[in-house]
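Inspection log for the structure reproduced underneath, given as structure tokens.
Being a predicted model, the structure only gives us computed values, none of them experimental. So that the names make sense, note that chain A is the first sequence line, chain B the second, and so on, each numbered from 1.
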Amino acid sequence: MGERFARVVVDSRLPQLDRLFEYRVPPGLEGVEPGVRVRVPLRGDRMTAGYVVEVADARAWEGEVADIEKLVSPVPVLRPEVWALARAVADRAAGGAADVLRVAIPGRQARVEKAWLESRAGDAAPPPPPPPLPEVLETAAVLPGLVEARRRIALECAGGVAAVETAEGTAWIGRWAIALAALARQALERGEQAILVVPDHREQRQLRLALEAVVGVERVVELDARQKNPERYRGFLRCIDDEPVAIIGPRSAVYAPAARLGLLAVWEDGDPLLAEPLSPWVHARDAALVRQGQSGCALVIAGHARSTDAERLVELGHLEHERLGAQRVRVLPAALADDGRRVPASAFAAARDALTSRPVLVQVGRPGHAPGLRCADCGARGRCTACGGPLGQRSRGAAPACRLCGRLAAGWRCPSCDGQRLVPVGRGSSRIAEELGRAFPGVPVVVADGAHERLTVDARPRIVVATRGAEPVADGGYGAVVLLDGDALLAHEGLRVAEEAVRQWAAARALAAEGATVVLAGVVGPAAAALTGDTTVPFAKAELAERRQLRFPPAVRTASVVGTPDAVAEALEALEGSEHLDVLGPVAVASDDRARPGDEVQRAIVRFAYGDGPRVAGIVRARVLTAASRPRRPGAPARLRIRLDDPEPFDGL
DNA sequence: AGCACGCCGACT
DNA sequence: GTCGGCGTGCTC
């Protein structure tokens, strides 16, 4: 056999290195196949990690070719489909493929890998056939034939909880999880895999329990970021085994190495947690859309509330609208009590009724005792003397402390009147809990927030005060749900404020038992109407129509262009001449880190049509490339940074 | 990123 | 004559 050559993607953030490099496979080096990890020399004898993408008998590069330095591992961790996905996703986001791979492929764990290789080594004994699927009758009724027909749907799930039987006993979970598990089962029945992406471990737990009941525990692979590294890597390697399994995990699971993908589902696609916080900041929904286009699998974009993004795809005809279940609760908008407290009278009545037999959920906006403090004498807002952040109180009688930097405000003196006493502004979870405890003597009160995580509560009557997104699942569902602080939530300026409020309310409403009362306090208007109605789709439609009018996302795509004035100007010039493109700015922005005089930083926002995406991404990527190769001061930020579909500039609109 | 290559000012 | 400034380009 003649010489072999490998094309390698190197693990580097530099846009200049975002392409394949060709290396010779040195004679005698076994195991160099597509997908394996290698170490290769790049520029002299400096070594870089990389993945083999292709192997060929002939060289394509005319220049000098170096040898692969070493095979790091023979496990093909980068499957061809995932490489194609990473490349396409990076191109769409004007970023580097290696950055996507860093999210897609977990770090190697040598011990785990060794065990996996040994378990595979005995080719003589083929792996036992996967265990039969458990008999679960009612799941066949959930959108039958969806996977086989390769349908693409936007799914609005009505709420409700249900009990499932697992190895550890009975567990109560959201009905949505059973629906998704039933759809995953369709893929598994065909010998295919399913990837189910969830925002965080709370939803992942429910989905895991649903899958244990619907497809069996042996067929579930978890890719949880909270797992320890070895455990995570073990799950990742199980995906490569190519067995029909359901793969569940956070946003990075959308890149799982599944070769025979029957179904790709994204749950709660409106949740901001599904946006990757690393370059190139790809949202799992967008990655899922790209992957579906490449693999042709069935696609489910689902949530308790329809996102404007999903609704856009429905109106475009790319997704079909579907709905599961029916709203079996009563939502009552209620005015705030006029005694200055936040809990409306109707909420007290609903809670009193429900507490005879069931727990009651109270959703609040902020954790702690008092989210704010003010001077008892002049009313001035209490601010941190060190950083200017707002002062708050974690619990009753606790020392006032800065909510931003955590510094204790001991010996605080009002800067305007020299007063020394601070009084609380607003009510956090623990203060609401105290007040409700007094109002319902003898009823236990529990708090669930970021600091006190609580995933479940049993069916006994009690009051559960939870911050948004931290609500426990109650056995049998809550007898009443009270949604507080909606007025403060909607008072924020921001493009997605109302949409996000509806999403969070709908998620809490979904935890109610059948026939329960949901009280929405102090909110009127379209967002309230979205929750009292049977479906959130009209609300999403109206929101989307308004954004179309204003040319705001997701009606358009955006690129935020940040950098030195000359680099920004050059980038904007390169983009000129598109019909459906407009530019906001540039404006001067606070130059971040070690700014020096003359280091002016500007920002412009470019809005463009989805159809122009490839062209715009290509142009801005080329501008980043030229800007990167120009000299700059050591330690200074890049001359030009471009981020596509950055929600941040619109947060304040 | 880092590092070599390359073409203009003040030095032994 | 040469040493060295850092603008420009490249990494298989």
Side-chain angles (χ1 to χ4, degrees), chain A residues 2-73 76 78 80 83-84 86-87 90-91 94-102 278-280 562-571 573-574 592-594 596-601 618-643:
Chain A
E3 291 191 306
R4 298 169 78 223
F5 298 90
R7 283 164 210 137
V8 173
V9 51
V10 297
D11 184 17
S12 167
R13 257 158 300 189
L14 297 175
Q16 303 94 305
L17 304 185
D18 181 29
R19 54 202 162 94
L20 298 183
F21 289 86
E22 191 164 76
Y23 292 88
R24 189 173 74 120
V25 181
L29 183 61
E30 300 292 321
V32 175
E33 300 299 336
V36 301
R37 299 179 203 258
V38 288
R39 267 172 70 81
V40 291
L42 191 65
R43 190 77 197 229
D45 53 5
R46 261 182 304 286
M47 292 299 155
T48 314
Y51 303 95
V52 172
V53 167
E54 340 173 295
V55 179
D57 294 332
R59 40 188 295 189
W61 172 254
E62 301 293 320
E64 261 184 57
V65 179
D67 282 1
I68 289 177
E69 199 244 356
K70 114 178 204 208
L71 179 70
V72 174
S73 147
L78 176 57
W83 166 247
R87 184 68 272 166
D91 288 345
D99 283 341
V100 178
L101 292 182
R102 211 166 287 134
L278 302 168
S279 165
V562 181
T564 59
D566 54 332
V568 170
E570 282 170 26
E573 198 178 322
D592 20 24
D593 3 79
R594 300 145 288 225
R596 294 189 193 175
D599 281 1
E600 200 202 333
V601 177
I619 291 170
V620 299
R621 185 67 174 160
R623 296 317 309 172
V624 168
L625 223 145
T626 41
S629 65
R630 284 225 271 267
R632 62 186 163 95
R633 216 180 52 238
R639 294 166 48 87
L640 186 65
R641 281 164 291 161
I642 293 181
R643 180 166 163 188

_Interatomic distance, Glu69(A) CD vs dT11(C) P [rounded to whole Å]_ = 20 Å
*Checking all strands, does Leu17(A) fall into the base, sugar-phosphate, or nothing category for heavy-atom contacts under 4.0 angstrom?*
base
*How many Å lie between CZ on Arg4(A) and C1' on dC12(C), as a whole number?*
17 Å
*Between dC10(C) (P) and Asp18(A) (CG): distance, integer Å*: 17 Å
*Choose from dC12(C), dT11(C), dC3(B) the nucleotide whose nearest atom is closest to any side-chain atom of Gln16(A).*
dT11(C)
*Hey, does Arg46(A) reach any base, or is it just sugar-phosphate, or nothing, if we go heavy atoms under 4.0 Å?*
sugar-phosphate
*Round to the nearest Å and state the distance from Leu42(A) atom CG to dC10(C) atom C1'.*
10 Å
*Write down the distance between CG (Leu625(A)) and C1' (dT11(C)), rounded to a whole number of angstrom.*
13 Å
_Residues Glu570(A), Leu640(A); criterion side chain to side chain contact (heavy atoms under 4.5 Å, CB included); working and verdict_ = CA-CA 10 Å; Glu570(A) 282 170 26; Leu640(A) 186 65; over 6 Å; no
*Whole angstrom is fine here: how far is it from CG in Leu14(A) over to C1' in dC12(C)?*
15 Å
*For Phe21(A) and dC12(C), are the ring centres under 5.5 Å apart with planes inclined under 30°?*
no
*Pairing residues for Asp91(A) by the salt bridge (charged side-chain N to carboxylate O under 4.0 Å, His left out) criterion, not counting sequence neighbours*: Arg87(A)
*How far apart are the closest heavy atoms of Ala60(A) and Arg7(A), and which atoms are they?*
CB-NH2, 3.5 Å
Could you pull out every donor-acceptor pair under 3.5 Å between side chains of residues 25-38 of chain A and any protein atom, sequence neighbours left out?
unit_1   : atom_1 : unit_2    : atom_2 : d
Arg37(A) : NH2    : Pro106(A) : O      : 3.1
Arg37(A) : NH2    : Tyr233(A) : OH     : 3.2

*Starting at atom CD of Glu64(A), determine the distance to atom C1' of dC10(C), rounded to an integer number of angstrom.*
13 Å
*Nearest whole angstrom, please: distance from the C1' of dT11(C) to the CE of Met47(A).*
13 Å
